[in-house]
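Residue numbers start from 1 in every chain, and the chains themselves are labelled A, B, ... in the order their sequence lines are given, proteins ahead of strands.
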There are 2 protein chains.
Amino acid sequence: MSELEAKVLPEATVARLTQYLRALNALESRGMERTSSGVLAKEAGVNPAILRKDLSWLGSYGTRGVGYVVRELSEHINNTLGLNRDWRVLILGAGNLGRALSGYAGFTTRGFKVRAILDVSPDLVGTDVGNLHVESRSDLAEVVRREEINIAVLAVPGDAAQDLIYELGELGVNSVLSFAPKPLVVPRGMNLRRVDLSTELQILAYLAVQP
Amino acid sequence: MSELEAKVLPEATVARLTQYLRALNALESRGMERTSSGVLAKEAGVNPAILRKDLSWLGSYGTRGVGYVVRELSEHINNTLGLNRDWRVLILGAGNLGRALSGYAGFTTRGFKVRAILDVSPDLVGTDVGNLHVESRSDLAEVVRREEINIAVLAVPGDAAQDLIYELGELGVNSVLSFAPKPLVVPRGMNLRRVDLSTELQILAYLAVQP
DNA sequence: GTATGTGAAATCATTCACAGCT
DNA sequence: AGCTGTGAATGATTTCACATAC
């Protein structure tokens, strides 16, 4: 009711904004200074109408009859998504997936910094992963404080994930990306995104079976 | 128009069916033989009404006033999703992510078998990954034929992904799971799913910034 | 003339609520 | 009495189409 109430973008829009950002970067690195909804939509792999609708949530940043200034639009989306600050990421689980993620380029660009990696296994604690060394799961609280962690990535077996979620919640980390193959219940106020690799394969199997 | 036309499940339904399958397995391993939409929905983390609606696409497999037989329902979803056959998976890219995926449990259960892993780098070709050894990108066609690959997983840099898609299409592999941070255009008839790790982090950043 | 920004229409997905069967 | 299966209601998302601004 209040005019002051937060204007929240639809989730689908947020997901696409990240794609526009990537597309804008690609255009910029090709030396383009201006673009249009048609060009940008093609680059991002979406339809131009929805791109304009998405951008309209952010206000009017284009010029009718002309288009958009690449740098300006890119900057604006960046700010809207909160990518103009530092995000300090903790990876939980130093198995193959955890180690792969800690070095993954997308995880180390645009304000995201992997600051620590933890594991329960004494065999892994103390080993090196990139320029980090694996710390003990039991030091979770200390590590979160020391590194001022604000995003956690769960690369642990399903059984371990739920306990970690609660513990992270208590420690004030309320953005979590989980690779655990389990639905998880989250404390109030926590943001959870799940990536479920085996589900993706199963969906592909279904699609392949379709006539 | 025709009554013979394939009845296609909504994409969102397919995604949830994989979760029900996992939930049913969990119940079965706890010794439960029967269940209800309420119990199953709780276990899968969804609302009971949509669970029943999803299942209604498969026909009537429950008993009113009673519920579902765990084993029977599980079997039926399995068949619907095409998980009762063998899926032979090829991993493209033997970097950290490719190696992690090749050993990932979800990738090696329920009919999915990782049969080969390829890379362009001469440093990696010939090295071992689990019980496979890395073969050369240039042997793609031969490997696809030899191993009768029907699903490919792209764990390669964005620039390499598009060419691979076309080449896989020509070779008759038309189910692809891509981790490349790029929108890809697919040949007619190909099924592509994308997992975009940096997008997930960016969405979390936005959610964390919200009041 | 050209491309944006946006109501209105169309499509897709979820939730409600209850009739129907056991 | 209890739980499924499903139309009808609601809500979300996408597409259309055009008035508006340059």
Side-chain angles (χ1 to χ4, degrees), chain A residues 6-20 23-24 27 32-74 76-77 80 183 199 203 206-207 210, chain B residues 6-20 23-24 27 32-74 76-77 80 183 199 203 206-207 210:
Chain A
K7 165 191 63 176
V8 167
L9 315 192
E11 170 124 353
T13 293
V14 175
R16 280 188 301 265
L17 286 174
T18 68
Q19 309 301 305
Y20 305 155
L24 286 165
L27 295 182
M32 297 187 179
E33 294 181 4
R34 301 164 166 285
T35 188
S36 65
S37 64
V39 171
L40 186 53
K42 180 123 190 257
E43 182 74 27
V46 305
N47 139 336
I50 199 143
L51 184 148
R52 293 200 302 277
K53 178 79 81 175
D54 285 339
L55 294 184
S56 79
W57 286 91
L58 317 188
S60 256
Y61 282 82
T63 310
R64 292 177 189 220
V66 180
Y68 305 91
V69 176
V70 171
R71 196 53 177 290
E72 201 176 295
L73 185 56
S74 164
H76 193 57
I77 297 178
T80 305
T199 287
I203 294 173
Y206 170 74
L207 295 173
Q210 284 306 104
Chain B
K7 165 191 61 176
V8 167
L9 315 192
E11 172 123 353
T13 293
V14 174
R16 281 188 302 265
L17 285 174
T18 69
Q19 308 301 306
Y20 305 156
L24 286 164
L27 295 183
M32 297 189 177
E33 294 180 3
R34 302 165 165 285
T35 188
S36 65
S37 63
V39 172
L40 187 52
K42 181 124 191 256
E43 182 74 27
V46 304
N47 138 338
I50 201 149
L51 184 149
R52 293 199 302 275
K53 178 81 79 177
D54 286 338
L55 295 183
S56 78
W57 286 90
L58 318 187
S60 257
Y61 281 82
T63 311
R64 292 177 188 219
V66 180
Y68 304 91
V69 175
V70 171
R71 196 52 178 292
E72 201 176 293
L73 185 55
S74 165
H76 192 56
I77 297 177
T80 305
T199 287
I203 294 173
Y206 170 73
L207 294 174
Q210 284 307 104

### Message
Quick one: does any side-chain atom of B/His76 pair with a main-chain N or O of B/Tyr61 as donor and acceptor, under 3.5 Å?
### Response
no
### For atom CG of A/Leu55 and atom C1' of D/dT13, their distance in whole Å
16 Å
### Task
Look at the side-chain N and O atoms of A/Ser60 and state whether any lies under 4.0 Å from the OP1 or OP2 oxygen of C/dG5.
yes
Under 3.5 Å between N/O atoms: give me all the protein pairs with nucleotides 13-16 of chain C, atom names plus distance.
residue, atom, partner, partner atom, Å
C/dT14, OP1, B/Arg16, NH1, 2.8
C/dT14, OP2, B/Arg16, NH1, 3.0
C/dT14, OP2, B/Arg16, NH2, 2.8

### Task
Output yes when a side-chain donor or acceptor of B/Tyr20 lies under 3.5 Å from a complementary backbone atom of B/Leu73, and no otherwise.
no
### Task
Write down the distance between CG (B/Leu73) and C1' (D/dG5), rounded to a whole number of angstrom.
14 Å
### Message
Here's a test for you: under side chain to side chain contact (heavy atoms under 4.5 Å, CB included), which of A/Ile50, A/Leu55, A/Leu51 qualifies with A/Arg16?
### Response
A/Ile50
### Message
The test is side chain to side chain contact (heavy atoms under 4.5 Å, CB included); show your working for B/Asp54 and B/Val46 and say whether it passes.
### Response
CA-CA 11 Å; B/Asp54 286 338; B/Val46 304; over 6 Å; no
### Task
Return the value, rounded to whole Å, for the distance between atom CD of A/Glu72 and atom C1' of C/dT4.
14 Å
### Query
Could you state the interatomic distance from OG1 (B/Thr13) to NZ (B/Lys53), rounded to the nearest 0.5 Å?
10.0 Å
### Query
Toward the 5' end of DNA chain D, which comes first, A/Thr63 or B/Tyr61, by nearest nucleotide?
B/Tyr61
#### Entry: For atom CZ of B/Arg34 and atom C1' of D/dG2, their distance in whole Å
14 Å
### Message
To the nearest 0.5 Å, what is the distance between OH on B/Tyr68 and CG on B/Leu40?
### Response
8.0 Å
### Side-chain donor/acceptor contact of B/Arg64 with base of D/dG5 under 3.5 Å
no
### Query
Rounding to a whole Å, what distance do you find between A/Tyr20:OH and C/dT4:P?
12 Å
